[in-house]
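Excluded from the calculations below are hydrogen atoms, water molecules and symmetry mates; all remaining heavy atoms, backbone and side chain alike, are included. Every chain is numbered from 1, with letters handed out A, B, ... down the list of sequences.
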2 protein chains.
Amino acid sequence: MAAAMQVVDTQGAGAFSMRALGAFLECDPTAMYRHFTGKNALLDALVDSVVRDGAANLPETDDPRADIRANFRQLRRSLLAHPTLAPLVLRRPPGVGAYWERSDHAVAQLHRAGMDPVDAANVYQTLLFYTLGHTLSEARQLARAVEREGAGADAGPVAAVRPPQDRHPDLSDIAPHLRDDNEVQFLAGLDLILRDLPR
Amino acid sequence: MAAAMQVVDTQGAGAFSMRALGAFLECDPTAMYRHFTGKNALLDALVDSVVRDGAANLPETDDPRADIRANFRQLRRSLLAHPTLAPLVLRRPPGVGAYWERSDHAVAQLHRAGMDPVDAANVYQTLLFYTLGHTLSEARQLARAVEREGAGADAGPVAAVRPPQDRHPDLSDIAPHLRDDNEVQFLAGLDLILRDLPR
DNA sequence: ACCTGAACACCGTTCAAGT
DNA sequence: ACCTGAACACCGTTCAAGT
């Protein structure tokens, strides 16, 4: 439901309630129970629509590595478009819903690139969980801005993951190499995992 | 607070409330506000204690790769020990709390193994986010068992991530290579990321 | 067929009052 | 100093009643 997504994006998923949605739609809070079995089903539908978003038209070029990068980059983008909702992807078991539509594409590309099935399975699951971990961590930072200041808070660029310089000398050594740009940082991790992809 | 952790582990984090904790401690639900500023602070303290758990005595052998594996494997184990609480690690910004104590160790080991700072930064953040993504996905499955059947439900081994065989032929090709054992699957991903670690 | 609204059993948090 | 308990402003969900 588009209205529910609008409430989630403007108020934050934490403030989303049947009563808030009822007020937004100017109807009784219990009217939604005719269309969804409850709040959980509604949230599941929202999460599914986010994961499915953009999965239909993933690129199929003659560069498998670029296609795979585009696939997970787009998953990241879809999740970050709704930062307060993003962590709720973990509510759904991974074999359910729109999840697999996306990964089907990635695995096909790994095959096309000449990777054998055992490596493909390993690379695929590593890419997926890396993308989830990275994106959900980033989403929480964006979500805090939304929940503090309401819709579309201009929180500026989100700070990259940074150690406290004072406490951890080893981490501080590498701190300059933790990129400020989360997108660049994210892609660097993808490339690390895809390092051995045959060309 | 140990009592709060006990309530979370037996009832599930979803059923945890100030009132439930008050009932468990046989005191008024509002008494806790003398010790914690609110429910959020209490949950943050619980999450911190989980992330910190076991971080103090990580191994320091002459095999850096094994030490790094042990580090993230132990983080996974600590999170899975409290499956319903695990997803709440995303509540905290990553530069806060016990998070870094663990990673300090990993980065020191990457240095010791002769890795240059740029690669170390990249490998380190990839390992961390992969571990979070993998472990939080797995934790949710365990959590569903706890929340259905109460404490220590013997849900059997958690099913590995599996595509629906009927819908996705490419994924089905590799399905036999998605290991049943989540621990083995997890370690395979770590090794993929650590592939280029100098020996 | 669909919506309403009272009702039930819950929440987190505050605050005046007790000891 | 610490706990209590009433109170406030919320929840999700059910169900008899309306149209």
Side-chain angles (χ1 to χ4, degrees), chain A residues 1-50 82 84-93 140 143-144 146-151, chain B residues 1-50 82 84-93 140 143-144 146-151:
Chain A
M1 201 126 194
M5 189 69 92
Q6 208 169 328
V7 172
V8 165
D9 285 339
T10 53
Q11 326 263 15
F16 173 79
S17 69
M18 293 293 108
R19 283 163 153 96
L21 179 55
F24 182 83
L25 291 172
E26 287 171 334
C27 71
D28 195 271
T30 65
M32 278 81 72
Y33 287 82
R34 300 290 141 193
H35 309 286
F36 293 90
T37 62
K39 191 190 185 188
N40 277 346
L42 221 165
L43 287 175
D44 286 345
L46 290 180
V47 166
D48 258 30
S49 83
V50 170
H82 309 278
T84 69
L85 190 63
L88 302 185
V89 297
L90 295 175
R91 290 162 41 85
R92 312 273 290 155
R140 275 300 196 190
R144 279 154 53 92
V146 170
E147 268 153 4
R148 262 202 318 270
E149 294 151 55
Chain B
M1 201 130 199
M5 189 69 92
Q6 207 170 328
V7 172
V8 165
D9 286 339
T10 55
Q11 326 263 17
F16 173 78
S17 68
M18 295 291 109
R19 284 164 152 96
L21 179 56
F24 181 83
L25 291 172
E26 286 171 336
C27 72
D28 196 271
T30 66
M32 279 80 74
Y33 287 82
R34 301 290 140 193
H35 310 286
F36 294 89
T37 62
K39 192 191 183 187
N40 276 346
L42 221 165
L43 287 175
D44 285 345
L46 289 179
V47 165
D48 258 30
S49 84
V50 170
H82 308 279
T84 69
L85 190 62
L88 302 185
V89 297
L90 295 176
R91 291 163 41 86
R92 313 271 292 155
R140 274 303 195 188
R144 279 154 52 91
V146 169
E147 269 153 4
R148 262 203 316 272
E149 294 150 55

Please evaluate residues B:F16 and B:T84 with respect to the criterion side-chain contact (heavy atoms from CB on, under 4.5 Å), reporting the C-alpha separation (whole Å), side-chain torsions for both, the decisive distance (0.1 Å), and the verdict.
CA-CA 10 Å; B:F16 173 78; B:T84 69; over 6 Å; no
Walk me through whether A:H82 and A:V47 qualify under side-chain contact (heavy atoms from CB on, under 4.5 Å).
CA-CA 9 Å; A:H82 309 278; A:V47 166; over 6 Å; no
Shortest non-hydrogen contact from B:G38 toward B:Y33:
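That would be CA-CE2, 3.9 Å.
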So which atom in A:Q11 and which in A:E147 form the shortest heavy-atom distance, rounded to 0.1 Å?
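Smallest interatomic distance, heavy atoms only, reads O-CG, 4.4 Å.
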Is there a Watson-Crick or G-U wobble partner for D:dA6 with both distances under 3.5 Å, and if so, which one is it?
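C:dT14 - that is the nucleotide pairing with D:dA6, both distances being under 3.5 Å.
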Evaluate the side-chain proximity of B:M18 to B:L42: yes if any heavy-atom separation is below 4.5 Å, no if none is.
yes
With rounding to whole Å, what would you report as the distance between D:dA17 and C:dA1 at their C1' atoms?
15 Å
[X] [atom1] - [N] [atom2] separation (whole Å):
X: A:Q11; N: D:dC11; atom1: CD; atom2: P; value: 10 Å
X: A:F36; N: C:dC3; atom1: CZ; atom2: P; value: 12 Å
X: B:Y33; N: D:dG5; atom1: OH; atom2: P; value: 17 Å
X: A:M32; N: D:dG12; atom1: CE; atom2: P; value: 9 Å
X: A:E26; N: C:dC3; atom1: CD; atom2: P; value: 15 Å
X: A:M18; N: C:dG5; atom1: CE; atom2: P; value: 18 Å

Can you tell me which nucleotide in [options] comes closest to the side chain of [X]?
X: A:R19; options: C:dT4, D:dA7, D:dC11; answer: D:dC11
X: A:R34; options: C:dC3, D:dT13, C:dG12; answer: C:dC3
X: A:S17; options: D:dC11, D:dT4, C:dC11; answer: D:dC11
X: A:D28; options: C:dG5, C:dG12, D:dT13; answer: C:dG5

Under-4.0 Å side-chain N/O to phosphate OP1/OP2 contact, B:H35 with D:dC2:
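No, no such contact exists.
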Ignoring backbone atoms, test whether A:T30 places a side-chain nitrogen or oxygen under 4.0 Å from the OP1 or OP2 oxygen of C:dT4.
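Answer no for this pair, as no side-chain N or O of A:T30 is under 4.0 Å from OP1 or OP2.
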